[in-house]
Protein chains: 2
Amino acid sequence: MSRTRPNPLPVQTQSPHIRVTLKDVASVAGVSAMTVSRVLNAPDSIPAGTVAKVRAAIASTGYVPNSAAQALRSSKSRLIAAVLPTLTGPIFLDTIGALTAGLAKRGYQLMVGQSGYSATGEDQLITDIISRRPDGIVLTGVVHTDEGRRRLLASGIPIVETWDLTADPLDVLVGFSHEAVGREVSRFLVGKGRKKLALIGADDVRSKRRWASFAKSARALGLSAPVARFVTAPAMLGDGRQTLRALLAEHPDVDAIFCSSDALALGVLIEARAQGIDVPGQLAVVGFGDLNFSAQLDPALTTVRIDGPRIGELAAHCIVSRALGQPLEERIIDVGFTIVERAST
Amino acid sequence: MSRTRPNPLPVQTQSPHIRVTLKDVASVAGVSAMTVSRVLNAPDSIPAGTVAKVRAAIASTGYVPNSAAQALRSSKSRLIAAVLPTLTGPIFLDTIGALTAGLAKRGYQLMVGQSGYSATGEDQLITDIISRRPDGIVLTGVVHTDEGRRRLLASGIPIVETWDLTADPLDVLVGFSHEAVGREVSRFLVGKGRKKLALIGADDVRSKRRWASFAKSARALGLSAPVARFVTAPAMLGDGRQTLRALLAEHPDVDAIFCSSDALALGVLIEARAQGIDVPGQLAVVGFGDLNFSAQLDPALTTVRIDGPRIGELAAHCIVSRALGQPLEERIIDVGFTIVERAST
DNA sequence: TTGTAGGCGTTATCAA
DNA sequence: TTGATAACGCCTACAA
């Protein structure tokens with residue numbers, strides 16, 4: 001037909017290419033569908049000649065297996081679901097990036113779900129996830145409702161929790177102790193001769209746990225009770241500026257601040273400079289996260305570094321092992337953290 | 001059985017609950033599988049009594065549909081694939097977050113793939129994507145190999161490209177003109193009386209396109225040729241510091257700098273302060289991205305704001321419309337951009 | 001080494 | 001309004 005089509009796009013609903021099936025490849029190659037399947041899944045058991053023939057047919061037809069059919073038949077979806085509070089906010093980003101890459105390397109894909117900072121919609125999210133029958137679920141920085149945890153657990157899908165070390169893990173855990181972070185930062189600051197500690201944090205559970213440990217440790221070391229201010233997550237630079245102002249107005253004797261994110265710490269540094277407060281002379285500042293800008297600030301920011309990519313890669317390893325039913329060396333992996341000392345303390 | 005199990009976790013490989021099928025629900029409810037299916041998909045055509053009976057059976061069994069079977073039978077996966085260069089780097093984050101949320105709202109899930117800044121592994125990624133038979137693909141900030149573009153196109157899967165306005169879109173486009181950004185920023189700086197412009201950018205295609213337009217426009221407005229420095233993506237704060245130093249050493253007469261990201265611009269601000277250069281007195285600085293910290297810097301950063309969440313939400317709308325075969329009001333949506341004027345210019 | 005039969009869980013279609 | 005039947009594309013199990 002030489003007629004021109006005025007509007008070609010809406011017309012083609014499905015490409016022919018995507019509808020190529022095993023059978024089509026088989027008939028092109030002159031073998032049965034099973035042989036094609038075996039060439040794809042266990043080529044070693046097939047003579048080289050047949051393999052070549054089939055490979056040629058696959059190439060010429062542009063065949064790509066339909067993973068829904070594979071999943072249905074084999075009960076293996078090669079899909080991993082990740083749940084995180086929100087994609088907005090850079091904290092978990094490296095982890096998710098490394099997780100995605102680590103899964104791709106192993107032949108798995110990642111499906112993402114945002115649970116939000118509230119529990120709203122979490123139920124629907126969990127239904128959506130279970131409906132996909134993922135081979136594993138990676139939980140990152142989320143506290144689920146009891147009902148949500150129960151359903152996830154009841155689904156029997158392997159679960160890896162990350163970015164935390166809780167007392168009662170569902171199964172596998174890759175993270176670090178927020179209690180240890182709070183304790184070590186307070187020890188660090190006390191070691192620097194600081195007398196009146198403060199914390200500015202986001203109002204999430206982990207930040208609160210760091211605070212509890214930070215405060216307890218400071219008191220144990222003989223200091224007066226530290227003070228804290230919490231801002232609504234996600235905590236941003238502007239919150240740091242405002243909160244420092246309010247904090248110092250009420251507690252002018254504070255000489256060290258632990259911020260629950262580097263973004264907050266940057267706000268604190270900027271506000272301190274605006275107020276003519278010397279850092280670290282009058283005020284020591286410690287961040288959390290070691291974002292890529294933190295080393296370049298002026299003064300460079302002392303902060304707690306978490307190896308996000310490592311958590312992602314380990315989570316990929318663990319969840320795939322679980323998915324394959326392989327034994328895991330360890331069920332609880334503590335990746336630790338580092339206090340990176342720079343000019344702000 | 002009252003026997004306690006010493007180690008419950010490794011034992012249960014699959015939960016019973018996840019193996020509940022339509023048939024199980026049907027037999028509990030005393031109806032056929034088709035009736036259960038209809039209650040789920042078209043409850044209006046079923047009498048209220050039957051619906052109630054079936055709903056009760058669903059609740060008591062904990063049934064969740066198997067989407068692999070649904071996809072296989074109906075050729076609708078309710079899955080959208082997103083391809084982006086890398087999750088590391090905050091630029092596309094808001095877009096992906098809004099996309100994920102917008103899709104969830106419409107009953108779709110997002111699968112993410114990282115194409116990397118190189119073309120390596122892109123072929124495998126595309127195979128993985130096609131294998132899932134997603135109902136749509138959202139491309140963000142990636143330039144594909146010709147072969148990759150060809151395969152994606154040949155798959156017949158609807159495609160939405162974002163974060164750009166190219167001359168030859170594959171199908172639907174949600175973005176803005178990088179040429180317009182370059183041009184408008186140069187006009188803006190010239191309007192401020194700046195005489196010698198410079199640009200510090202990442203070495204990606206879009207940044208280069210902004211540069212070309214920036215330089216051309218500056219010359220058209222009678223200025224001498226702007227100078228540029230490019231750093232390896234992802235561009236970070238430290239790159240901004242170093243590059244500014246090198247740039248000013250060679251071109252001390254530069255009085256305005258357009259940075260291809262706010263992170264770079266922050267580096268430039270910090271380095272300028274370290275060198276005692278007055279911003280904006282001696283040097284005007286413009287960023288790109290309007291990250292959440294930019295308004296809080298000192299001086300606050302003039303920057304180009306892109307509405308990332310809006311792009312994500314529109315992309316969700318467009319790709320779902322395409323997936324459902326619904327007509328689209330517009331195939332090319334220009335979300336534009338805003339030059340947010342602050343103290344750094 | 002290769003092929004045949006059957007079923008995974010769901011929905012389109014037709015029949016009652 | 002409801003049900004029976006078949007088929008989506010693939011892989012497990014068994015046979016040749």
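So that the names make sense, note that chain A is the first sequence line, chain B the second, and so on, each numbered from 1.
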- Task: Indicate, with a heavy-atom threshold strictly under 4.0 Å, whether S67(B) touches base, sugar-phosphate, or nothing.
- Result: nothing
- Does R133(B) make a side-chain donor-acceptor contact with the base of dG9(D), cut-off 3.5 Å? no
- Closest to the side chain of Y63(A), out of dC10(D), dG3(D), dG9(D), is dC10(D)
- Using whole Å, report how far CG of N41(A) lies from P of dT1(C). 17 Å
- Task: Check step by step if salt bridge (charged side-chain N to carboxylate O under 4.0 Å, His left out) holds for R106(B) and E313(B).
- Result: CA-CA 11 Å; R106(B) 295 171 173 86; E313(B) 168 57 25; 2.9 Å; yes
- Within the modelled atom types, does a donor on one side and an acceptor on the other bring the side chain of R73(A) and the base of dC10(D) under 3.5 Å apart? no
- Specify the separation, in whole Å, of atom NZ of K53(B) and atom C1' of dT1(D). 11 Å
- Message: Between Q70(B) and dG9(C), is there a contact of a side-chain N or O with OP1 or OP2 at under 4.0 Å?
- Response: no
- Is any side-chain N or O of T21(B) closer than 4.0 Å to OP1 or OP2 of dG9(C)? no
- Query: To the nearest angstrom, how far is I58(B) atom CD1 from dG9(C) atom C1'?
  - Reply: 14 Å
- What distance separates C318(A) SG from Q326(A) CD, expressed to the nearest 0.5 Å? 11.5 Å
- In terms of the nearest nucleotide of DNA chain C, which residue is placed more toward the 5' end: S37(B) or T35(A)? T35(A)
- For M34(B) and dC14(C), what is the distance between atoms CE and P respectively, to the nearest whole Å? 13 Å
- Query: With no angle test and no hydrogens, is the base of dG9(D) tied to the side chain of R19(A) by a donor-acceptor pair under 3.5 Å?
  - Reply: no
- Item | Closest-nucleotide ordering on DNA chain D, the 5'-leading residue of L72(A) and R38(A) | L72(A)
- Query: Is it true that D135(A) and R78(A) make a salt bridge, defined as a side-chain N closer than 4.0 Å to a carboxylate O?
  - Reply: no
- Query: To the side chain of S32(A), which of dC10(D), dG3(D), dG3(C) is closest?
  - Reply: dG3(C)
- Rounded to whole Å, the CZ-P distance (R78(A) to dC11(D)) equals 11 Å
- Query: To the nearest angstrom, how far is L40(A) atom CG from dT2(C) atom P?
  - Reply: 15 Å
- Does D123(A) pair with R151(A) as a salt bridge, N-O distance under 4.0 Å? yes
- Within less than 4.0 Å of OP1 or OP2 of dC8(C), is there a side-chain N or O belonging to N66(B)? no
- Item | Atom-to-atom span, CG of L22(B) to P of dT2(D) - whole angstrom | 16 Å
- Item | R132(B) versus Q109(A), side-chain donor and acceptor atoms under 3.5 Å | yes
